[in-house]
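One structure is given here, and the rest of the page talks about it.
Numbers restart at 1 for each chain; the letters A, B, ... are given by sequence-line order, proteins then strands.
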Amino acid sequence: MATLEVLGFGENGWGALLLVAAGVTLAVTAAALAIGAVLGTIVAAAKLSHSRLLNFLGHLYTTIFRGVPELLIIYLIYFGGSSAVTAVGKAMGYQGFLGLPSFLAGAFAVGVISGSYQAEVFRGAYLAISKGELEAASAIGMHRGLRLRRIIMPQVLRYALPGISNVWQLSLKDSALVSVTGLAELMRTSQVAAGSTRQYFLFFVVGGCLYLILTSLSDQIFNRAERRANRSMPSAMGQV
Amino acid sequence: KDWKTVTITLEGAYAPWNMTNADGTLGGFEPELAKVLCERAKVECKLVASDWDGMIPALNAGKFDMIMDALSITEDRKKVIDFTIPYAATPAGFATAKDSPLANAAGTGTEVHMDVGQTGVKEVEAMKEAFKGKTIGIQAATVYSKFVYDNFGKDSTIREYKTGADRDLDLQNGRIDLGFDDTVYFASAIEAAKGELVYTGPDIVGPIWGAGEGLGVRKSDTDLRDMFSEAIKSALADGTVKKLSEKWFKIDVSPR
Amino acid sequence: MDFAFLSETTMTLLAAVPTTLALFSLSVAIGGLLALLIVWMRVGGNPVLSAFAKGYIFVFRGSPLLIQMFLVFYGLAQFKVIRDGPLWPLLREPFVCAVLSLALCTAGYSAEIFRGGIRSVSPREIEAARSIGMSGFLLVRRIIAPIAFRYALPSYSTEVVLMMKSTSLASLVTVWEVTGVAQRLISHSYRTMEVFLCAAIIYLILNFIVLQAMALLERSLSKHLRAPPVKP
Amino acid sequence: MPGVTRLSVRDIRKSFGAHEVLSGISLEAQDGDVISVLGASGSGKSTFLRCINLLEIADAGEIWVDGEQIRMIHGSGRSRPASQKQVDHIRSELGMVFQSFNLWSHMTILQNIIEGPVHVLKRPRAEAVSEAEALLEKVGIADKRHVYPAHLSGGQQQRAAIARALAMKPKVMLFDEPTSALDPELVGEVLRVMRALAEEGMTMLVVTHEMSFARNVSNRVVFMREGLVECTGTPDEMFGDGASPAFRQFIGHFAN
Amino acid sequence: MPGVTRLSVRDIRKSFGAHEVLSGISLEAQDGDVISVLGASGSGKSTFLRCINLLEIADAGEIWVDGEQIRMIHGSGRSRPASQKQVDHIRSELGMVFQSFNLWSHMTILQNIIEGPVHVLKRPRAEAVSEAEALLEKVGIADKRHVYPAHLSGGQQQRAAIARALAMKPKVMLFDEPTSALDPELVGEVLRVMRALAEEGMTMLVVTHEMSFARNVSNRVVFMREGLVECTGTPDEMFGDGASPAFRQFIGHFAN
Ligand SMILES: Nc1ncnc2c1ncn2[C@@H]1O[C@H](COP(=O)(O)OP(=O)(O)OP(=O)(O)O)[C@@H](O)[C@H]1O
Ligand SMILES: Nc1ncnc2c1ncn2[C@@H]1O[C@H](COP(=O)(O)OP(=O)(O)OP(=O)(O)O)[C@@H](O)[C@H]1O
Ligand SMILES: [Mg+2]
Ligand SMILES: [Mg+2]
């Protein structure tokens, strides 16, 4: 059957390309999540600090990157970033193009967006830590750094996990927009395959299914992590 | 600058101009022509697929050196980039569903020549009458939108699609009555639709569509532009373009 | 800075704001109602409905909206039954399809958010209601829904903002809202940065207003959580 | 009308999985009875109370409230009440006061109190409000009527919860350790209100650890152990010399 | 070494905004002293304890722990300790047990107990573990060492919290209502442990509502009222006839 051949791994099959593209999507999302974790931690710390200026900057960051469509942010970072890097290169006497590689630009753009969501997740998680437990840490003479490392971080991670799993999901889909940088991730490869073979529906449905597979795989991983993290929590209350 | 390697970008999803094969390589009219042109310009060429939306900004940012993606030479575009001489000039026309009452409109199969800004052409007036109240789909931001809006905007509904492929799907689905695009593109769409779509009305040719399709280059790279213009000239002269065109499009799109 | 160009661009983009707002408000309203239906199926106790709701949520949360929209608009119309069906006059319209796919997508997300809200209602407060003889819809209407909605509100605000941004995909199905118009402007002028900056500012303002409204709602619904008024 | 049987429970059994928590409990309360239920933690006191107003469904046994039997379906597997309507009605006749107050956090105290009369009993709002204010006066928190539960002390919350239950004009009041979530200093406020209710002749079933209440206020004491009524009698009988050794050990525990 | 002054507090004052909570409190604890601090709700007992280990910073006054004075900077506006290092050191010498246990929820009981010795005192892990197990044995929850706090009863949690404080080998233990978050039946477990500590000669400062503990275990009772020490003495003096009328009224409240 023609469909099988087009999707297979043979000479005329797109199977291999689609699988590679799914891998690229996964890689972009994972890199974005990592970048976002760093940015999110910094922004959350700024929003929780007592400095008005830092509060304001943190607020500005989350407002902008949650309020502007992802596509626009990706464009602005990709082209803006490339122009900036090239300009710097020119100033230092380097001729020619120094643009961000599309993988890096894409991951960074999605990471910046993901950071704005992660900041909120981390902030909420921090606020969920029992004040009494922090006092108990102070009361045995733990200094700030120790308290942060031994009491705050592990609990923030635990409370943040469900939120992070949501952000992962968002980033997975934001990564579809990275196709404008020409990166051959799942969305773009589906589009290219559709345009080249003119089998539009086939490839959109297949692309959608691959996204669903990625989703369910990552769901499983997060569920396992949550179960692990929640060992120490009281068992769930009764249902509605 | 001493050009040894040149990076050329194309979409890789605009069959038959350019497309991606299942093994990830690029194929189609333009990749094959590019090979010829690069040989003649004595440079090493690298073909890179990228998204249509970002192509021109990326060219100017320096990510690529040339664009070869059925890019029509227009005044608007000339404000931001430069072009070689055209390597193709395609007619444009309407297509509709096979069993539509609009099929076989007057003049189907003939050619009408139009100049820039020309109005009141008799064949066009006839189509205007025939297509009254219908919905026409075009690809957004192409050279055809001005023509369609100027001539059909008053009497028909015009709907703009992001890609020609989307428009063709709606044409088959019956959401719109007519599509307007370049006939070379339609030829392959009609083939892919297994005869569900047909041309209707005359093909429109001439300077109204600008000079044709050329390679886009940065304004600063006049040397590169001239090298490739020379290469195109020679490929046109010895019939290479005609040969490739007939291979991929079934017709000759060499600019006349 | 080319102010003439910027102001012209801004005017063109502003003309598309009503389209964006119409897409946004209709899809949030319809999606919200749909979400209520789905969350009812999800927690209602009927295993078949619950499985259906689970599947729905999985599919619509797990795949990109772009693909969903494509399949709703171009895919549904492939079937002759639909083209000849009674709904075709509606489904034929790009605007209807755009709203439909946006609403279907947000319904999946919102259903999960509402479910989270319901789960955080204290079982004890529900028990107290049962013990005075409340059950069924009365219990939901008077006790569960108000408390759950209050808990769900922060996440729901986020989802509403996401919706505003998601409308930017509607140009795929020929509904030319702000982002689509911006892209079209770019393909005429090739001035990517300027045009996108104007669009970004428009979205920021729209979302700021939406968030402000949600915050106001949240404030008015959380009287019971605020510190008591200090008496002199 | 003393002598009327307000509540009658016959041979109630309840298991959670393999663990039998209630192994056949019977109890009868006449109009005006104040019955204290004592017992160690885990002896099934809460479960017993929750079975009476059907927050848990007993596996076997009969429950009569004010002469009306609750119809049950003891099928294979789980038992369930035959009619949700009857359950709602019965529950509205049994006032329940929980250890943890369980006021509705999104309503003010007044709203909490009129909720049942207005929405379950369908009484006119104005009437419900004026009755609620009388009740608030009675439990001594009239000045807090427009305050949300989170802003009250535990003792005040518990008194509001009692008012909420009274507003339904119940035939019997069920209390599940109404003072054990309170600081020692707040216990007094709540006990005072309960004592006043007892003096007015309200029929009450009180699970408590407050020996002074059991001894001085109630007219009957029931001691539960491992899902059974170990012994029962008047306070004088029970706290005198006649009680079972297990009970004496139990109260001895509280003496120091 | 009886007679050594473990803790000395001189004329501590503390206001929250305009509200003066502590108006000059002094207290001295020799080695082996068990001091009960009584007082009505809001009299400033918790604030006093929190000032001693610097969870609140007193506005004025001196605090000496085991002969070492805590250096403070009483500048304009807010006071603050001169050296965070000293604060951490002092705190590690004062064991604090909170009303609400405050065990770290992400660690098992054993991990909770060795946390301080290993990470604050930098003791070898193996040593800390074996000492922790001895402590768990002592407070009677050795079998729960690998359980998370959320899965323990309140009484067990509080005993774990005491073990955690003891693991730091503190010079003085501070208890803030260690039993008032517990069900009546669980109180006994915790009081038993505290009684044993007192018998071993641990210096303790105990805010409590348990009159039996104040009377039978402590060797001194301090009664606070409105931010001042209203009266103090041995239990015999205080619970005899000599005490102030305010204290008699206070304990009278607990009698019924
Ligand atoms: N929903 C339930 N599922 C399983 N076991 C339960 C459930 N509710 C109660 N139990 C068990 O039933 C037994 C009796 O519980 P119950 O709450 O009735 O005791 P109680 O006498 O009220 O004790 P306490 O004085 O501590 O409140 C306990 O062993 C408890 O673990
Ligand atoms: N952080 C704070 N900010 C403002 N006021 C406070 C603060 N902490 C305590 N107070 C006030 O100080 C007073 C004394 O509080 P404290 O907790 O010391 O009393 P307490 O004697 O421990 O009472 P209880 O027996 O209820 O625990 C109270 O009126 C309280 O409202
Ligand atoms: Mg109980
Ligand atoms: Mg206190």
If one checks every heavy atom of R141(C) against chain D at 4.5 Å, the contacting part turns out to be side chain
*Is a donor on one side and an acceptor on the other found under 3.5 Å between the side chain of E125(C) and the backbone of S105(D)?*
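Side chain of E125(C) to backbone of S105(D), a donor-acceptor pair under 3.5 Å: yes, one is there.
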Atom group of L55(D) that falls short of 4.5 Å from chain C, counting heavy atoms
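The side chain, not the backbone.
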Residue from H89(D), R164(D), Q84(D), E115(D) scoring the most non-hydrogen pairs under 4.5 Å with chain C is E115(D)
Chain C shares the most heavy-atom pairs under 4.5 Å, among H106(D), M168(D), M96(D), with H106(D)
Rounded to the nearest 0.5 Å, how far apart are [atom1] of [X] and [atom2] of [Y]?
X       : Y       : atom1 : atom2 : result
L103(D) : S122(C) : CG    : OG    : 11.0 Å
R50(D)  : R130(C) : CZ    : CZ    : 10.5 Å
I132(C) : D88(D)  : CD1   : CG    : 10.0 Å
M107(D) : I143(C) : CE    : CD1   : 4.0 Å

- Query: Do other residues, nucleotides or ligands put more than 12 heavy atoms under 6.0 Å from W88(C) CH2?
  - Reply: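 Correct, the count exceeds 12.
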(Q) How about CZ on F137(C), more than 12 heavy atoms from neighbouring residues, nucleotides or ligands closer than 6.0 Å, or not? (A)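 Count not over threshold, so no.
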Can R124(C) and F98(D) be said to form a side chain to side chain contact (heavy atoms under 4.5 Å, CB included), step by step? CA-CA 9 Å; R124(C) 298 173 168 179; F98(D) 299 87; over 6 Å; no
